[in-house]
Amino acid sequence: MQHVDIGIVGGGIVGLTLAAALKDSSLSVGVIDKHPLSTASGDKATSRVSAINQANITALQNLNVWPHVQPNRANPYVAMHVWDKDSFGDIHFHCHEMGSDTLGVIVENQALVNALAHTVEKQNNVQVFETSIERVLSGPNQNMVMFDNSDVLSCRLLIGADGANSFVRQQAGFPITFKDYEHTAIVANIKTEMSHESVARQAFTPTGPLALLPMSEPNICSIVWSQSPDKANELMAMDDTAFCHALAAVSNSILGTVELETKRSAFPLTMRYAREWAKDGIALVGDAAHTIHPLAGQGANLGMQDALELAELLQTLSSEGSDIGLHKNLRPYERSRKTEAMKMIAAMDGFKLLFDGNDPIKKLIRGIGLAATDKVSVIKQAFVSHAMGL
Ligand SMILES: Cc1cc2nc3c(=O)[nH]c(=O)nc-3n(C[C@H](O)[C@H](O)[C@H](O)COP(=O)(O)OP(=O)(O)OC[C@H]3O[C@@H](n4cnc5c(N)ncnc54)[C@H](O)[C@@H]3O)c2cc1C
């Protein structure tokens, strides 16, 4: 049996951000994932990407992770164009309005995980265990984590960074609130006739939003097209040509004709919110604690902020000689991050409600809201500042 102070189950973006942020602490850390952390990148861009905001990029730069992100797998975007297909609402943001060179970066998830893994695997205080966990036995001062290869790891604090269907959350008995968004996101990479010019675009349609995220090649975009499950099934069943015609039509052919670069994948979207995030010896971060609609690209961003805030608290507790496993010591993290997640969930619900459907009053509100945000510089700056995570 081995022992670490902190066991992190999940070596995704969030779990690895937490391990990286603990680099200067005296705490020993075990990262457990059922898959190898890094995967060699192929020739072509992959379609699972995240728009990482400026606040998190700065944090990754400070942790010396960002320089290890393969440059052709991340693209800074300089502007955003959001429009409502069904009203006169249309809004443009440019990074120069914020005195910044970028609004954020579209990065392939695996490229970010690879960069984080590169950093974490070099940390003296981290051990990586490539195995699945089968069981957690929680005692008053230790958790015993049983691996599927029969090994056992003991740790004072066990952190669930194991994604939406978190096993740690289930073992801890934390209840969740969940809601089916009644949307399925279709994800793929497309090749566009015109260059995207590093502008992130999002069209709101009565049946759901379509995001066109600019990748590092000027004619490749990653799409996230959220639709009702029936409509998504219909789109998934189309042949490539019919799908591309439907996509060009819904995006007003803003980038000309399009071709598929990768196959399409579909993700049913569910809001999940753990009603408890911590107890003695256990805490949750990232998708294990919350999942939200991707329409504003905030899930990974929220999760990374959970990780950074928890790491800071754990380092403070450890340097004071306080117990990192006591629930009362973890409460400041739980309180503060639950509030942020709740605010984001409420905002996504508001957006979805406002932009769903053809109701004429909603259309008017959307048109006026987007037009006003575009014209009133104070509102616009507040909006962009929020999107940048500042
Ligand atoms: C279509 C779509 C688009 C999105 N776009 C954006 C965006 O633009 N911006 C943004 O910020 N967010 C976005 N998100 C959300 C974002 O992808 C997630 O919030 C983020 O990836 C969650 O990271 P995580 O590390 O918490 O979990 P995960 O990425 O799910 O990682 C969990 C890890 O735990 C491991 N694991 C699970 N169970 C076990 C076990 N029992 N034992 C050992 N290991 C285990 C898994 O192998 C995995 O590596 C999007 C989501 C979707 C669906």
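This structure is a prediction, so every number in the text was calculated from the model and none was measured. Start at 1 and go down the list; that is how both ligands and their atoms are numbered.
- Checking side-chain atoms of R272 against main-chain N and O of I292 turns up no donor-acceptor pair under 3.5 Å.
- Here is the list of ligand 1 atoms found below 4.0 Å of a heavy atom in A51: 7 (C), 8 (O), 9 (N).
- Looking only at atom types and distance, the side chain of D90 has a donor-acceptor partner in the side chain of H92 under 3.5 Å away.
- The protein heavy-atom contact nearest to atom 50 (C) of ligand 1 is P294 CB, 4.0 Å.
- Here the protein heavy atom with the shortest distance to atom 40 (C) of ligand 1 is S132 OG, 3.9 Å.
- Only backbone heavy atoms of T131 (N, CA, C or O) come within less than 4.0 Å of ligand 1; its side chain stays farther off.
- Nearest residue to atom 27 (O) of ligand 1 from G163, G160, A164 is G163 (criterion: closest heavy atom).
- In this structure, S319 contributes its side chain and Q315 its backbone to a donor-acceptor pair below 3.5 Å.
- With ligand atoms numbered from 1 in the order given, ligand 1 contributes 25 (O) to contacts under 4.0 Å with heavy atoms of I13.
- Residue-level proximity to ligand 1 for S50 is carried by backbone and side chain together, each with a heavy atom below 4.0 angstrom.
- Between the side chain of S154 and the main chain of Q142, no donor-acceptor pair closer than 3.5 Å is present.
- For Y181 and H293, the ring centers sit closer than 6.0 Å to each other.
- Salt bridge status for R337 with E309: present, with a side-chain N to carboxylate O gap under 4.0 Å.
- E276 places no side-chain N or O within donor-acceptor distance of the main-chain N or O of F174, the cut-off being under 3.5 Å.
- Heavy-atom contacts of V187 reach the following atoms of ligand 1: 1 (C) (cutoff under 4.0 Å).
- When atom types are taken as modelled, the side chain of E121 and the backbone of H118 share no donor-acceptor pair closer than 3.5 angstrom.
- The distance criterion of under 3.5 Å between nitrogen or oxygen atoms is met by A300 with respect to ligand 1.
- Taking 4.0 Å as the cut-off between side-chain N and carboxylate O, E259 and K191 do not count as a salt-bridged pair.
- Between V14 and ligand 1, an N or O atom pair is found at a separation short of 3.5 Å.
- Ligand 1 places these atoms under 4.0 Å from at least one heavy atom of R48: 2 (C), 17 (O), 51 (C), 52 (C), 53 (C).
- The atoms of ligand 1 that sit less than 4.0 Å from any heavy atom of G299 are 10 (C), 11 (O), 12 (N), 15 (C), 19 (O).
- Separation of the W83 and H81 ring centroids falls under the 6.0 Å cut-off.
- At under 3.5 Å, not a single nitrogen or oxygen of G10, backbone or side chain, sits near a nitrogen or oxygen of ligand 1.
- Salt-bridge formation is not detected for the pair K34/E130: no Lys NZ or Arg NE/NH1/NH2 atom is positioned less than 4.0 Å from an Asp or Glu carboxylate oxygen.
- Residue A161 touches ligand 1 through its backbone alone, judged by heavy-atom distances below 4.0 Å.
- Close approach to G286 involves these atoms of ligand 1, each under 4.0 Å from a residue heavy atom: 26 (O).
- In terms of protein heavy-atom proximity, atom 42 (N) of ligand 1 is nearest to I133 N, 3.3 Å.
- Looking only at heavy atoms of the protein, atom 43 (C) of ligand 1 is closest to K34 N, 3.4 Å.
- At least one N or O atom of G297, backbone or side chain, sits closer than 3.5 Å to an N or O atom of ligand 1.
- Nearest protein heavy-atom neighbour of atom 19 (O) of ligand 1: D287 OD1, 2.7 Å.
- The part of H35 lying near ligand 1 is the side chain, judged by heavy-atom distances below 4.0 Å.
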With side chain to side chain donor-acceptor pair (under 3.5 Å) as the test, would you mind laying out the steps for E182 and S228 before giving the verdict?
-> CA-CA 6 Å; E182 290 169 10; S228 67; over 6 Å; no
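- From the protein, the heavy atom lying nearest to atom 49 (O) of ligand 1 is D33 OD2, 2.6 Å.
- Side-chain contact check for D287 and T291: no donor-acceptor pair (N or O, by modelled atom type) lies under 3.5 Å.
- The aromatic rings of F129 and F147 lie tilted to each other, with the angle between the two planes from 30° to 60°.
- For atom 31 (O) of ligand 1, the nearest protein heavy atom (residue, atom name, distance) is G12 CA, 3.8 Å.
- Selection from D162, V49, V113, D306 by nearest heavy atom to atom 5 (N) of ligand 1 gives V49.
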